[in-house]
Amino acid sequence: MEHIKIYNTLSKQKEIFSPINENSVSFYLCGVTVYDDCHIGHARAYVSFDVVRRFLEYSNYDVTFVQNFTDVDDKIIKRANELKISSDELTQKYIQHYYRDMDKLGVKRAHKYPRATKYIGEMIKLISTLIQKEIAYELHGDVCFSIDKFPDYGKLSKKVLEDLESGTRVEVDQEKRNPLDFVLWKKAKPEEPSWDSPWGKGRPGWHIECSAMAIKELGPSIDIHAGGIDLIFPHHENEIAQSESCTGKPFSKYWMHNGFVNIKNQKMSKSLGNFITLQEILTQYPGEVLRFYLIKSHYRSMLNFSPDGIDESKQALQRLHQTLKTVTNLDIPKDKVEEFARLETRFIEAMKDDFNTPEAIGVLFDLNKLINSSKAGVGLLRKLGGILGLFYDDVIDDDIEMTEELQLLLEKRNKAKQEKDFKTSDEVRDFLLTEYQLKIEDTREGVRLRRA
RNA sequence: GGCGGCAUGGCCAAGUGGUAAGGCAGAGGUCUGCAACACCUUUAUCCCCAGUUCGAAUCUGGGUGCCGCCUCCA
């Protein structure tokens, strides 16, 4: 396979990836609304597309990666009011938390993190254009997008308008021209952050920000636009409608969407309240273990979260690390060049096929076996792991604080072992296990403590 | 009600027309005072029924079960 294939939500099939301009790739990823901590679902999205980005970069594309922060929104206003702080204070805090969590997961920083509130001017321009073109209309200080003016409406989500209209869950505002028309600009209510506009004080609707930021930072037509599967409708559908109506150009060539993280067979989401924050999980597991767990299944499939799964991942990842630690020869032995090359090809082919990380990880374990049996060639493992964003930490064991007491116990056991007083040495081991929940392992590199 | 996705060994998970990758757990072995770790070896015919085909987990039709979207959501 020569080309990278990407599953495009727009066509519902895998397509050969061919960016608009030769070697450069413009990549826009929908970021978080910063009113709360990120959970495992967010991690999946950002890790998934981090892998996509890394592989494109590995394939010599010059990637410009932009990811927004939504820092104006109903939930932000509500939360800020509850906490009696400003929206700005609230969003600053969670933006920092975002960086903190993603750094631990080894997610590369975007080239730019535009924030919605810094692009109000751009949004007003877009909305004005839409009004001029009579695609948008004012309604009591709000501005709505008239979906009937965009014939392609529904092309991303494959929705049929009539079906949507009959849906019982769509709240019908009688005055809208079409019940499905969405708000571009919201009239200000008292006590809310607001900006001046040709239509009076107000704030932007949700969808317009991404159009404004993507167009401003990456141009009217971008290569890849990505986000969670839940954003397909209405968010991305609306982005397409407003952007393409405005510029007259295709908004994004490829649309990529990651599947959900479920927990107990139910979508993990803030509204359902069944989420586990990254902060929580990252106190129990190293970031790399969670990363490994997430990319162990394909980014488009559903992932049913379970702690057992993470334990399993930890165990598996540890084997790779062990090889990295014990095999020191980076070079591939001369008589096994072909065998190594075959594995490398398999890995790259898997990645080229819509970023098949589970398959690629499978190859990593075959490679692991080959390296161990030939006691050499560990450089390739490090390289391929790097494409997946693994091995950024050399140690994945939890840090165990070496207290004086622990130190004494270990010395006592060592001494007993040397004197072949195994009764005492076993007592120390049992003691550590029951009192500290720590396991002792005698490795070639010496004694190691692990959490039981 | 409309639209879409999924169903592979005890668990997780690739494969999507040519006779089932990989991981975890389990078993056997090497190592070890014993363990653990690590390493080596080993373990399935793919939800059900009918059909297409020389050949299907992979295609078609019909079931059953689970999930998601249609409202803010990665």
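Treat the numbers as computed from the prediction; the structure is a model and nothing was measured.
Distance from the side chain of A/Gln315 is smallest for B/A38 among the nucleotides B/G33, B/A38, B/A74. Distances from the side chain of A/Lys159 to the nucleotides B/G68, B/G2, B/C37 place B/G2 closest. Here the side chain of A/Lys417 is nearest to one of B/A25, B/A14, B/G33, namely B/G33. Of the listed nucleotides (B/C37, B/A74, B/A14), B/A74 has the atom at the smallest distance from the side chain of A/Phe260. Among B/G5, B/G68, B/A38, the nucleotide with an atom closest to any side-chain atom of A/Lys12 is B/G5. Minimum atom distance to the side chain of A/Lys369 is reached by B/C40, of the listed B/A38, B/G33, B/C40. When distances are taken from the side chain of A/Gln322 to each of B/C37, B/A14, B/A74, the shortest belongs to B/C37.
For A/Asn368, a side-chain nitrogen or oxygen approaches OP1 or OP2 of B/C39 to under 4.0 Å. Considering only side-chain N and O atoms, A/Lys158 lies nowhere under 4.0 angstrom from the phosphate OP1 or OP2 of B/G2. The phosphate of B/G15 (OP1 or OP2) has a side-chain N or O of A/Asn356 nearer than 4.0 angstrom. Applying the 4.0 Å criterion to OP1 and OP2 of B/C39, one finds that A/Arg319 has a side-chain N or O inside that range.
B/A14 and B/A50: their P atoms are spaced 29 Å apart (whole Å). Comparing the P positions of B/U58 and B/G62 gives a spacing of 16 Å, expressed to the nearest Å. Distance check on atom C1': B/G33 versus B/U42 gives 29 Å, rounded to whole Å. Using P as the reference atom, B/U43 and B/G22 are 10 Å apart when rounded to the nearest Å. The gap from the C1' atom of B/G10 to that of B/G5 amounts to 26 Å, rounded to the nearest Å. Rounded to whole Å, the separation between the P atoms of B/C12 and B/A25 comes to 15 Å. Atom name P, nucleotides B/U41 and B/C54: the rounded distance is 40 Å, in whole Å. When the P atom is compared between B/C67 and B/U8, the two are found 15 Å apart, to the nearest whole Å.
Among the protein residues, A/Asn262 comes within range of the sugar-phosphate backbone only, with heavy atoms under 4.0 Å from sugar or phosphate atoms but none that close to a base. Within the nucleic acid shown, A/Gly41 comes within 4.0 Å of at least one base atom, counting heavy atoms only. Nucleic acid contact class of A/His39 (heavy atoms, under 4.0 Å, all strands): base. Among the heavy atoms of the strands lying under 4.0 Å from A/Ser301 are primed sugar atoms or P, OP1, OP2 only; no base atom is included. Note on A/Lys420: nothing from the nucleic acid sits closer than 4.0 angstrom, heavy atoms only. A/Asp366 comes within 4.0 angstrom of sugar-phosphate atoms only, judged by non-hydrogen atoms across all strands, and of no base. Counting any heavy atom pair closer than 4.0 Å across all strands shown, A/Ile440 reaches a base atom. Among the protein residues, A/Val261 comes within range of the nucleic acid bases, having at least one heavy atom under 4.0 Å from a base atom. Using a 4.0 Å heavy-atom distance criterion, A/Ser271 is classed as a base contact. Residue contacts for A/Glu441: at a heavy-atom cut-off of 4.0 Å it reaches a base atom on one of the strands shown.
Just one residue in the list A/Asn304, A/Asn262, A/Asn274, A/Leu303 forms a side-chain contact (heavy atoms from CB on, under 4.5 Å) with A/Met268, and that residue is A/Asn274. The ring-ring contact (aromatic ring centres under 6.0 Å, His included) test with A/His225 singles out one residue from A/Phe49, A/Trp255, A/Tyr254, and that residue is A/Trp255.
Remark: B/G68 base-pairs with B/C3; criterion is Watson-Crick or G-U wobble with both hydrogen-bond distances under 3.5 Å. Base-pair partner of B/U19: not found among the strands shown (Watson-Crick or G-U wobble, both distances under 3.5 Å). Nucleotide B/C24 forms a Watson-Crick or G-U wobble pair with B/G10, both donor-acceptor distances falling under 3.5 Å. Base-pair partner of B/C46: not found among the strands shown (Watson-Crick or G-U wobble, both distances under 3.5 Å). The partner of B/U32 cannot be assigned: no Watson-Crick or G-U wobble pair with both contacts below 3.5 Å exists in any strand.
A salt bridge is defined here as a Lys NZ or Arg NE, NH1 or NH2 lying under 4.0 Å from an Asp or Glu carboxylate O, and A/Asp442 with A/Arg429 fails to meet this definition. Classification of A/Asp353 and A/Lys14 as a salt-bridged pair holds, one side-chain N sitting under 4.0 Å from a carboxylate O.
Heavy atoms from other residues, nucleotides or ligands lying under 6.0 Å from NZ of A/Lys112 number 12 at most.
Judged by closest nucleotide on RNA chain B, A/Asn265 is the one of A/Asn265 and A/Asp73 placed further toward the 5' end. Mapping A/His298 and A/Ser425 onto RNA chain B via the closest heavy atom, the residue that lands nearer the 5' end is A/His298.
Between A/Met302 atom CE and B/G5 atom C1' there is a gap of 10 Å when expressed in whole angstrom units. The nearest whole Å value for the distance from the CG atom in A/Leu381 to the P atom in B/C39 is 12 Å. Between the P atom of B/C72 and the CD1 atom of A/Ile208 lies a distance of 16 Å, rounded to the nearest Å. Separating the CG atom of A/Leu303 from the P atom of B/G68 is a distance of 14 Å, rounded to the nearest angstrom. B/A74 atom P lies 16 Å from atom CG of A/Leu294, rounded to whole Å. Between the P atom of B/U16 and the CG atom of A/Asp354 lies a distance of 12 Å, rounded to the nearest Å. One atom, CD1 of A/Ile295, and another, C1' of B/G23, lie 13 Å apart when rounded to the nearest Å. Distance, A/Asn304 CG to B/C66 C1': 10 Å, rounded to whole Å.
Annotation: cation-pi pair A/Lys159/A/Phe233 present, NZ/CZ under 6.0 Å from the ring centroid and within 45° of its normal.
In terms of the salt bridge (Lys or Arg N to Asp or Glu O under 4.0 Å) criterion, A/Arg44 has no residue partners (sequence neighbours excluded).
Remark: aromatic rings of A/Tyr46 and A/Tyr98 are close, center separation under 6.0 Å. Remark: aromatic rings of A/Tyr28 and A/Phe251 are distant, center separation not under 6.0 Å.
Applying the 3.5 Å distance criterion, the base of B/C34 shares a donor-acceptor pair with the side chain of A/Arg429.
A stacked arrangement is not assigned to A/Phe365 and the six-membered base ring of B/G22, the conditions of a centre distance below 5.5 Å and an interplanar angle below 30° not being jointly met.
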